[in-house]
Amino acid sequence: MSNPLKIKAQRQERTINESWKFQKGENLHASDSLFNDNNWTSINIPHTWNTDAYVVKDYYRGTGWYRKTLYLSEKDKGKMQFLKFEAANQAAKVFLNGHFVGEHKGGYTAFTFDITPFCIYGKRNIIAVEVNNNSSEVPPVSADYTFFGGIYRDVWLITTPKKQHLELLNSASSGVFIDTPIVSQSSASFSVRGGIKNDAATKVTLKLIHQVYNPDGKLIQRLENRISLTAGETKKFKTPGKDVVNPQLWSPESPNLYTIETYIADSKNNQIIDKVANHFGFRWYHFDGNKGFFLNGKPYKLRGICRHQDQPPTGNAMSDEMHRRDMLLAKDMGTNFIRLAHYPQDEAILEQCDKLGILVWEETPIIDMVPDSKPFEQVCETNLREMIRQHYNHPAIITWGYMNEILLATQRKFSKQEQVPVIKRTLDLAKHLEQVVKAEDPYRQSTIAFHGSDSYNDVGLSSITNVIGWNLYQGWYGGKMDGFDNFLEKQHNKYPDHPIIISEYGAGSDKRVHSFLPQSFDFSIEYQQGYLEYYLPVIEKKSYVSGSTLWNFIDFASALRDESMPRINNKGILYTNRSPKDVFYYYKAFFRKDIPVLHIATRDWNSRAGIEQGNDSVVQPIKIYSNLSQVELFIDGRSLGIKKTDNYNAIWQVPFTFGKHYIYAKGVYDSRIVEDGSNVFFQTIPEQLNKDNLKGLELAINVGSNCYFTSDESGLTWICDKPYTPGSWGYVGGKMYHTNDYSIGTQTQIKNTFDNPLYQTLRTGLEGYSFDVPEGEYEVELLFADVFNSGTEIIYNIGDNKQAQTSGNVFDIYINDKLAESDVNIGAQYGYFSSVKKRFVVSASKDGVYVKLSPKMGKTFLNGIKLRKL
Ligand code: L9D
Ligand code: CA
């Protein structure tokens, strides 16, 4: 094509992540260029100061200072210099050579400053950044995740060779926006919008050129304009493209990306002054309240996940390759949709979604409640505009969200009357933000995620937004699982035209906990599996449900949470290190049709234990997840028969003997053999104890629980509790403890142990624990944690907590009628919610071992017990 551009000077973009100095705390002098930071810590960016949040609840929320030396060569004189921060949580002030450069509020969007006026050439420049993560003006005010502080995404130095450049200060966007207003199979319209800035003191005339490339990299259009700018002027442009005939559409199956290179060039000699490249895509879509989601004219079930951005030990300071790895895992699972909950995420994520074909819901973190603060509302609006402008060109994005469960804390904190003004300002803000979304982006949809309460309809929030997200937890935070269907049916009948996405559903699980009587809040792997296996088919069956985003793809950091794994919300289907939980393969089997999926779901439980039933073997179920219609299972080479899969799984009752076993599964896909194999170690526990089988046995019992608990540290399995029967062992009297009718035990962290689920579950009011064992010497260990006083029960998302009101529990411990310890008051003597282990050596007569707890005040309780023959 005519007028070839001459490349000479080019914009330079480079990261400046290395060799920063960091120090926690306020500092009045750190912005001075002469300040001595020799004794500060050397760090690289991405960085967070909050790895403490994986350990303690009250992680550091305050100020942190960063400093860096930047050398600018004499040759750079006359160029323009910009600093771009991809994100700093939650607010940042930037200084250069002692001068205040600018300030940004909001922890998840990028910001760019022009530092040219403060630069010195041929010398060292000092960048100083003050960051804090305790701002009350920055959303969210509260949320179920850790607010890691720091400069946790890349920092860039952008240098433009001349004083004219594509706009760099438009909300840290690329300065170029591509609209695709009308797209069909046969034709697609587009136009390119943006701004050019002339930072020179004289007027100029420039050429503005857009080169459009198709997904094969072929140049298909060249659009050229002449633009004159006065000194200091920013000129906006909008260049219509020529319609593209038979566009290569973007979809999850074929994520075709077009590219537009936007140049400004000297109008006389054609030399390029600045250039920006943007990918974009052609697709069209809509949500239908009755029929769900459609992409490029075809119905699509949105099969998705929600994703948080953290991984121990790096916290939110994740590298680009860690982000990309997460998206590869999501794609591998068959995901076609992701909700970037609860905030804008790394550019690497969006880029990956474009390339892999994963549709996106992105949102701003306005969560739990809208505080009474104008500055807060202003930051909400700014962050929303930033998110949309920064990510505008990504074809993957289909909806912009701006609130999550915004009435939750509102309703919990305030009386009905106090709620009135809060609801009013929430509605006003929602209406305003909705307008902002439409003004910034008339082509995409808007969304708000609600928690499972009709009040969102009643107060009018549901009529503000285009698509409703429901975060539903029936069968987890109370209720029964089928409450999920009922809730949806009711909503759809009442508001048949309102498009619905299930924006969250999920249950927690902990690899150490297993149960054949799973229940909510026991954190067993089995309850989570059953839960997700129930929810997903309901979602798939209801055609009016556009799709869903599981809560959550990963086990993520939530410092305020206790539960079985303190500081972690364990509703993930991947562990924090991204190894999959077995149930990941349920999703993969469900979503993938193009490849065979066969997975023996015992990786989460490959060191098992169980009580012998009659003979010396134990029958336990083994499940496989598969998209094959039938599968054969083997143990140690012996077939256990072929089973048809139902809901992408099949279960065999497998007889285990003591020791190591090889489980093997086989099926056929497309006349090819598909197989999987896994080792299982099995510890058989005799039901009747005698001289021989007691040898080497540690009979460890998770008192007050139906769950098996395997300690990560020792590998010992504490088997589930049972009532005493003659000839065997078990508890005598009492009842299993629970704080409410849908959970067991307590959810509060137990101090001085890693074995929370063992100590959090207990039996109260019991008379004792009995073992029918032969005469001899034994070691008996009693596990206690007093959960009845002074500690506060913190259970997220479930309203008022019941706490037992007692003035202490005091009891005597007798073993075989001998007083072993009197006036035991676990809470008072060792602290409440603290683990206590008492070990006794006892001689058993022919009557075995009987531990008696004799109450003096309050009630008896026991959290665990272990017996070992000496
Ligand atoms: C919510 C649930 C989630 C929480 C989410 C929130 C949970 N309460 O993490 O942030 O949106 O796991 O309890 O719906
Ligand atoms: Ca227990």
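Just so it is clear, the values below take in all heavy atoms, side chains as well, and ignore hydrogens, waters and symmetry mates. Counting begins at 1 with the first residue of the sequence. For ligands, and for the atoms within them, numbers begin at 1 and follow the listed sequence.
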Exercise for the section: Would you verify whether the NZ or CZ of K859 falls within 45 degrees of the ring axis of Y737 while also being under 6.0 Å from that six-membered ring's centre? Expected result: no
Exercise for the section: Measure N569 to ligand 1 on non-hydrogen atoms and call it side chain, backbone, both or neither using the 4.0 Å cut-off. Expected result: side chain
Problem - Test: D555 and K581 ion pair at under 4.0 Å - result: yes
Handout entry: Q760 near the Ca ion (ligand 2) via N/O/S, less than 3.0 Å
Key = no
Fill in the blank from the handout: For OG1 in T761 and O in N863, the angle at the Ca ion (ligand 2) (nearest 10°) is 160°
Handout entry: Residues in salt bridge (Lys or Arg N to Asp or Glu O under 4.0 Å) contact with E504, at least two apart in sequence or another chain
Key = R339
Practice task
Return yes when at least one N/O/S atom of L762 is nearer than 3.0 Å to the Ca ion (ligand 2), and no when none is.
Solution key: no
Completion exercise
Across all chains, not counting sequence neighbours, the side-chain hydrogen bond (donor to acceptor under 3.5 Å, both in side chains) partners of H738 are none
Practice task
Would you confirm whether the ring centroid of Y54 sits within less than 6.0 angstrom of the ring centroid of F148?
Solution key: yes
Exercise for the section: Verify the ring-centre separation between Y586 and F584: is it less than 6.0 angstrom? Expected result: no
Exercise for the section: Show which atoms of ligand 1 fall inside a sub-4.0 Å distance from at least one heavy-atom site of Y477. Expected result: 7 (C), 12 (O), 13 (O)
Problem - Cationic N near anionic O, under 4.0 Å, R512 to D510 - result: yes
Practice task
Mark the output for Y473 as yes if a heavy-atom distance to ligand 1 is under 4.0 Å, and as no if none is.
Solution key: yes
Handout entry: Heavy-atom proximity to atom 7 (C) of ligand 1, best of K571, H342, H308, H451
Key = K571
Completion exercise
The option among N404, D144, N552, L472 carrying the non-hydrogen atom nearest to atom 9 (O) of ligand 1 is D144
Handout entry: Residue pair W470 / I500, side-chain heavy-atom distance below 4.5 Å
Key = yes
Problem - Whether V703 has an N, O or S atom under 3.0 Å from the Ca ion (ligand 2) - result: yes
Problem - Element-labelled atoms of ligand 1 that are located less than 4.0 Å from some non-hydrogen atom of F556 - result: 9 (O)
Exercise for the section: Identify, by atom number and element, the atoms of ligand 1 in contact range of R561, meaning under 4.0 Å from any of its heavy atoms. Expected result: 7 (C), 12 (O), 13 (O)
